[in-house]
Undergrad: 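After the structure tokens below, expect a handful of questions from me.
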Amino acid sequence: MCAYVVLADDDAKQADLIRLYLEREGHSVEVVHDGRAALEQIRRRMPDLVVLDWMMPRVDGLDVCRVLRRESDVPVLMLTARAEEDDLLLALDLGADDYMTKPCSPRELVARVRTLLRRSRQATAADARLPGPAAVETAPHPAEPVHAVGSLVVDPGRFEIRVEGRLVDCTPGEFRVLEVLASAPGRVFTRKQILEHLHGIDRYVTTRTVDGHVMNLRRKIERDPARPERLLTVYGVGYKAAEPTAGTGPDDAAGSPDAC
């Protein structure tokens with residue numbers, strides 16, 4: 001699975017090490033050391049994947065990622081020395097497909113690159129098999145069920161999420177994750193199962209992307225994201241939507257305060 005990779009990192013020693021490992025894997029690697037040079041190189045020749053350091057001179061990795069998402073859907077692997085949850089969410093919100101904290105293992109990075117490239121090519125192949133516009137226009141559209149889990153309502157037909165009657169703004173990826181979990185309250189979904197439902201929404205998703213979507217959703221639908229009541233983690237397995245308790249249906253929440 002040989003690919004053309006642009007590696008942007010201002011740490012020349014680390015960049016050379018990563019380049020060496022990627023080239024051993026059979027990839028062609030172009031190394032640049034600042035964000036502006038990265039954008040120039042990518043615009044000159046679109047790569048199959050970008051490895052992007054967060055902290056770089058001239059233009060930082062986040063701004064490069066933001067620009068790339070306006071111009072292309074090339075998969076982006078972000079490297080960062082920042083390991084806080086807020087930093088992860090910011091990188092994913094801006095369009096990074098995966099991230100690694102520094103210092104990182106070159107062998108693990110190569111494995112992450114391999115996974116992103118495989119998902120990228122699977123998504124491209126799936127797009128090629130989609131029916132044309134005429135077929136889509138004439139195809140029937142079956143009604144999609146609304147999922148109500150206590151005061152949480154997920155309406156796929158309207159692409160709406162409501163908590164205690166309040167409309168919640170979310171991304172397509174976040175919506176799909178919540179739709180999957182709300183479709184079967186109490187059932188545990190593995191990250192791999194959730195990934196299968198994200199194909200075509202987040203083109204190059206990894207399990208870390210799923211974790212990022214769940215963290216974002218908790219901020220939007222939980223009263224206290226640090227003590228989630230609606231989206232629960234089953235450690236070592238995955239996630240589930242909590243089963244509603246008696247008296248917590250949509251009509252019982254009229255007097256409840258808005259969730260945080």
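For the single chain, residues carry numbers from 1 onward in sequence order.
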Undergrad: Check the hydrophobic clustering (I, L, V, M, F, W, Y; side-chain heavy atoms under 4.5 Å; chains of links allowed) and say if Leu181 and Leu232 are grouped together.
TA: no
Undergrad: Kindly state each residue pair satisfying salt bridge (charged side-chain N to carboxylate O under 4.0 Å, His left out) with at least one member in residues 40-52, sequence neighbours excluded.
TA: Arg43-Glu71
Undergrad: Kindly indicate whether the side chain of Thr80, heavy atoms from C-beta on, has any atom under 4.5 Å from the side chain of Lys102.
TA: no
Undergrad: How close do Leu62 and Trp54 get, counting heavy atoms only, and between which atoms?
TA: CD1-CZ2, 3.1 Å
Undergrad: Check for a donor-acceptor pair, side chain of Gln41 on one end and backbone N or O of Ala38 on the other, with a separation under 3.5 Å.
TA: no
Undergrad: Following the transitive rule for hydrophobic clusters with a side-chain heavy-atom cut-off under 4.5 Å over Ile, Leu, Val, Met, Phe, Trp and Tyr, establish whether Leu79 and Val110 coincide in one cluster.
TA: yes
Undergrad: What distance do Arg58 atom CZ and Asp34 atom CG have between them, rounded to the nearest 0.5 Å?
TA: 4.5 Å
Undergrad: Before you tell me yes or no, could you show the steps for Ile161 and Leu152 under side-chain contact (heavy atoms from CB on, under 4.5 Å), namely the whole-Å CA-CA distance, both residues' side-chain angles and the distance that decides it to 0.1 Å?
TA: CA-CA 7 Å; Ile161 294 172; Leu152 170 66; 3.9 Å; yes
Undergrad: Do the numbers put Arg191 on top of the ring of Phe189, so that NZ or CZ is under 6.0 Å from the six-membered ring centre and no more than 45° off the axis?
TA: no
Undergrad: Carefully, step by step, assess Thr233 and Arg218 under the rule side-chain hydrogen bond (donor to acceptor under 3.5 Å, both in side chains).
TA: CA-CA 11 Å; Thr233 300; Arg218 283 173 173 162; 2.7 Å; yes
Undergrad: Look up atom CG in Asp98 and atom CE in Met100, then write down how far apart they are to the nearest 0.5 Å.
TA: 8.0 Å
Undergrad: Answer whether the closest heavy-atom distance between the side chains of Ile18 and Leu109 falls below 4.5 Å.
TA: yes
Undergrad: Inspect the contact between Lys220 and Glu174 and indicate whether a charged nitrogen and a carboxylate oxygen are less than 4.0 angstrom apart.
TA: yes
Undergrad: Do His27 and Arg114 make a side-chain contact, defined as non-hydrogen atoms from C-beta onward lying under 4.5 Å apart?
TA: no
Undergrad: At what distance, to the nearest 0.5 angstrom, does CG of Asp53 lie from CD of Gln14?
TA: 7.0 Å
Undergrad: Can you give me the closest heavy-atom contact between Cys65 and Leu52, atom names plus distance?
TA: N-CD2, 3.9 Å
Undergrad: So which atom in Cys170 and which in Phe159 form the shortest heavy-atom distance, rounded to 0.1 Å?
TA: O-CE2, 4.4 Å
Undergrad: Please tell me if the side chains of Ile221 and Leu178 come closer than 4.5 Å, counting only heavy atoms from C-beta onward.
TA: yes
Undergrad: Would a 4.5 Å heavy-atom cut-off, applied to side chains only, mark Arg69 and Val76 as touching?
TA: yes
Undergrad: Going hydrophobic residue to hydrophobic residue with side-chain gaps under 4.5 angstrom, can you get from Leu7 over to Leu20?
TA: no
Undergrad: List the atom of Val74, the atom of Pro47, and the distance in Å for their closest heavy-atom pair.
TA: CG2-O, 3.5 Å
Undergrad: Is it true that the side chains of Ser151 and Arg230 contain a donor and an acceptor less than 3.5 Å apart?
TA: yes
Undergrad: Determine whether Leu195 and Val237 fall in the same hydrophobic cluster, where Ile, Leu, Val, Met, Phe, Trp and Tyr are linked whenever their side-chain heavy atoms lie under 4.5 Å apart.
TA: no
Undergrad: Could you tell me if the side chain of Asp16 sits less than 4.5 Å from the side chain of Arg19, heavy atoms only?
TA: yes
Undergrad: Mind running side-chain contact (heavy atoms from CB on, under 4.5 Å) on Arg36 and Leu39 for me, showing each step along the way?
TA: CA-CA 5 Å; Arg36 185 172 299 174; Leu39 287 172; 5.9 Å; no
Undergrad: Using a strict 4.0 Å threshold on nitrogen-to-oxygen distance, state whether Asp224 and Arg219 make a salt bridge.
TA: no
Undergrad: Got a salt bridge between Arg112 and Glu25, using NZ or NE/NH1/NH2 to carboxylate O under 4.0 Å?
TA: no
Undergrad: Which pair of heavy atoms, one from Leu117 and one from Ala3, lies closest together, and at what distance?
TA: CD1-CB, 3.7 Å
Undergrad: Does Tyr235 sit in a hydrophobic cluster with other residues, and if so which ones, taking ILVMFWY side chains as linked at heavy-atom separations under 4.5 Å, directly or through other members?
TA: none
Undergrad: Could you report the tightest heavy-atom contact between Lys240 and Gly186, atom names first, then the distance?
TA: CD-O, 3.7 Å
Undergrad: Would you give the length of the straight line joining atom CD of Glu30 to atom CD1 of Ile42, rounded to the nearest 0.5 angstrom?
TA: 10.5 Å
Undergrad: Under the rule for salt bridge (charged side-chain N to carboxylate O under 4.0 Å, His left out), what residues qualify as partners of Asp11, not counting sequence neighbours?
TA: none
Undergrad: Show your reasoning for whether side-chain contact (heavy atoms from CB on, under 4.5 Å) applies to Val50 and Val5.
TA: CA-CA 6 Å; Val50 177; Val5 177; over 6 Å; no
Undergrad: Could you check if a side-chain atom of Tyr239 sits within less than 4.5 angstrom of a side-chain atom of Val234, using non-hydrogen atoms only?
TA: no
Undergrad: Quick check for you: to the nearest 0.5 Å, what is the distance between Met215 atom CE and Leu231 atom CG?
TA: 12.5 Å
Undergrad: Could you see if Val149 belongs to whatever hydrophobic cluster contains Val188? Use Ile, Leu, Val, Met, Phe, Trp, Tyr and a side-chain cutoff under 4.5 Å.
TA: no
Undergrad: Does atom CZ of Arg158 have more than 12 heavy-atom neighbours, drawn from other residues, nucleotides or ligands, at distances under 6.0 Å?
TA: no
Undergrad: Let me confirm one number: the CZ-CG distance from Phe175 to Leu217, rounded to the nearest 0.5 Å.
TA: 10.5 Å
Undergrad: When you look at Arg223 and Glu229, which way does the side-chain contact (heavy atoms from CB on, under 4.5 Å) test go after all the steps?
TA: CA-CA 8 Å; Arg223 289 188 176 89; Glu229 300 173 347; 3.9 Å; yes
Undergrad: Going by heavy atoms in the side chains, are Val154 and Val146 under 4.5 Å from each other?
TA: no
